[in-house]
Amino acid sequence: MIRTAVIPVAGLGTRFLPATKAIPKEMIPIIDKPTIQYIVEEALDSGIEHIIFITGRNKSAIANHFDYHPELESHLKETNKMDELKGVRELVSRARFSFVRQNEPKGLGHAVLCARHLIGKDESFAVMLGDDVIDAEVPALRQMMDVHEEKQVPVLALQKVSHQDVSKYGVVAGEYISESLLKVSGLVEKPKPADAPSDLAIIGRYILSYKVFRFIEETNADGTGEIQLTNALSQYHDIYGLLFMGKRYDAGNKLDYLRATVELALKREEFREPFTAYLKNLLK
Ligand code: G1P
């Protein structure tokens, strides 16, 4: 059973400047929820009970967002805003939240390593990246947990991307064992299109075993001084990739962020009709 999810949130968010100068990129909302809340809700809806944020300087808004707020709660009660009250309380009560500081900017592999003392030696756990917001009928992480429960091996989320985009991702080679499941035989972080072993990109969801911490320790930093998680994962002999069902948005990319805002708004009952009418009128 996977009960713990590690969510690295220490990044500076330079792709989203100037918005991220004074607020964490994870707190930028899509409609009315910070992007990080979409990730946490996916975890909770998948059955995760403990969330470990790997955090850094200037990220205290994230800790506040996942904590009770007595003053706000009494105000909501007094003004009879019961739905809002339920919303803010429920999010916090559904899991335990832990915070570990990553005090050196040494990459995603190093961020995951910072959670080691909170993970059991026999435990497998999830890693979820805050930029990848996934809209799916069955939460993407749940789909991966189902594969893990059956096969008892690490699982990566995969999606086919356009050939010129492979250089933005970790890319895998492997053999299909069913329509949506791949046994991974090789991994490369951000290859040039000409060197990529496939167009199958790692999307920010991973199920890993405790062993990964040793693999990360044995991984050298790359040219930029970062320890890449993808390079550490190359040491697994038995690791699977799942082409999950769902739509993924890169919330750190401004155009994709706009798409997410429009498409997720159109899915909300309260906005569907007036927002569709507005868009039709605008584009006519
Ligand atoms: C990270 C990983 C990369 C993965 C990507 C998914 O890259 O290093 O392997 O494909 O997340 O979003 P980043 O986007 O942090 O550069």
Side-chain angles (χ1 to χ4, degrees), residues 5-17 20 24-26 28 35-36 38-39 42-43 53-56 59 102 105-114 126-136 140-141 144 154-174 182 184 186-193 195-208 212 215-216 219-236 239-244 246-257 259-260:
V6 174
I7 310 185
V9 293
L12 292 175
T14 50
R15 286 197 295 164
F16 229 94
L17 279 166
T20 48
K25 66 170 175 176
E26 295 81 6
I28 292 176
T35 56
I36 190 70
Y38 289 86
I39 313 292
E42 180 190 326
F53 289 108
I54 309 301
T55 172
K59 298 282 180 166
Q102 180 185 17
K106 292 206 311 202
L108 178 59
H110 177 258
V112 172
L113 188 58
C114 294
V127 174
M128 305 175 82
L129 304 189
D131 280 340
D132 293 309
V133 172
I134 301 175
D135 180 40
L141 184 65
M144 297 168 70
V155 184
L156 313 172
L158 298 179
Q159 211 164 50
K160 204 168 164 32
V161 296
S162 68
H163 189 59
Q164 70 271 20
D165 276 349
V166 290
S167 55
K168 298 182 189 155
Y169 299 95
V171 176
V172 304
L182 199 85
V184 174
L187 303 102
V188 201
E189 180 68 5
K190 305 203 171 93
K192 291 199 188 95
D195 303 330
S198 76
D199 294 343
L200 294 174
I202 304 173
I203 303 305
R205 303 287 183 275
Y206 309 76
I207 292 179
L208 305 172
V212 77
F215 295 158
I216 295 170
T219 301
N220 293 325
D222 65 10
T224 67
E226 296 196 353
I227 299 172
Q228 298 301 340
L229 181 61
T230 305
N231 295 342
L233 299 182
S234 306
Q235 292 201 52
Y236 274 117
I239 181 165
Y240 285 66
L242 175 70
L243 285 138
F244 61 94
K247 180 143 196 195
R248 172 250 179 183
Y249 303 97
D250 177 0
N253 171 289
K254 290 176 189 175
L255 184 58
D256 230 25
Y257 171 80
R259 283 193 194 107

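Values below: every heavy atom of this structure, side chains too, minus hydrogens, waters and symmetry copies. Counting convention: from 1, in listed order, for ligands and their atoms alike.
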Checklist entry - Among the heavy atoms of Leu129, does any lie under 4.0 Å from an atom of ligand 1? => result yes

Item to check | 4.0 Å heavy-atom contact, Lys168 with ligand 1 | outcome: no

Next on the checklist: For atom 16 (O) of ligand 1, what's the nearest protein heavy-atom neighbour? Residue, atom name and distance, please.
Outcome noted: Lys190 NZ, 2.6 Å

Checklist entry - Where is the nearest protein heavy atom to atom 2 (C) of ligand 1: which residue, which atom, and how far? => result Glu189 OE2, 3.6 Å

Compare all side-chain heavy atoms of [X] with those of [Y] and state whether any distance is below 4.5 angstrom.
| X | Y | answer |
| --- | --- | --- |
| Leu208 | Leu233 | yes |
| Tyr206 | Leu108 | yes |
| Ile202 | Gln159 | no |
| Ile28 | Tyr257 | yes |

Next on the checklist: Is it the case that atom CG in Leu12 sees more than 12 heavy atoms from other parts of the structure closer than 6.0 Å?
Outcome noted: no

Checklist entry - In terms of side-chain geometry, is the basic nitrogen of Asp256 or Arg248 positioned less than 4.0 Å from the acidic oxygen of its partner? => result no

Checklist entry - Are any of the side-chain nitrogens in Arg15 or Asp250 under 4.0 Å away from the carboxylate oxygens of its partner? => result yes

Checklist outcome for this item: In ligand 1, the atoms that come under 4.0 Å of a heavy atom of Thr230 are 9 (O)

Next on the checklist: Give the atom numbers and elements of ligand 1 that come within less than 4.0 Å of a heavy atom of Gly170.
Outcome noted: 3 (C), 4 (C), 9 (O), 10 (O)

Checklist entry - Looking at atom 13 (P) of ligand 1, would you say a protein heavy atom lies below 4.0 Å from it? => result yes

Between [X] and ligand 1, is there a nitrogen or oxygen pair with a distance under 3.5 Å?
| X | value |
| --- | --- |
| Ile202 | yes |
| Asp132 | yes |
| Ile203 | no |

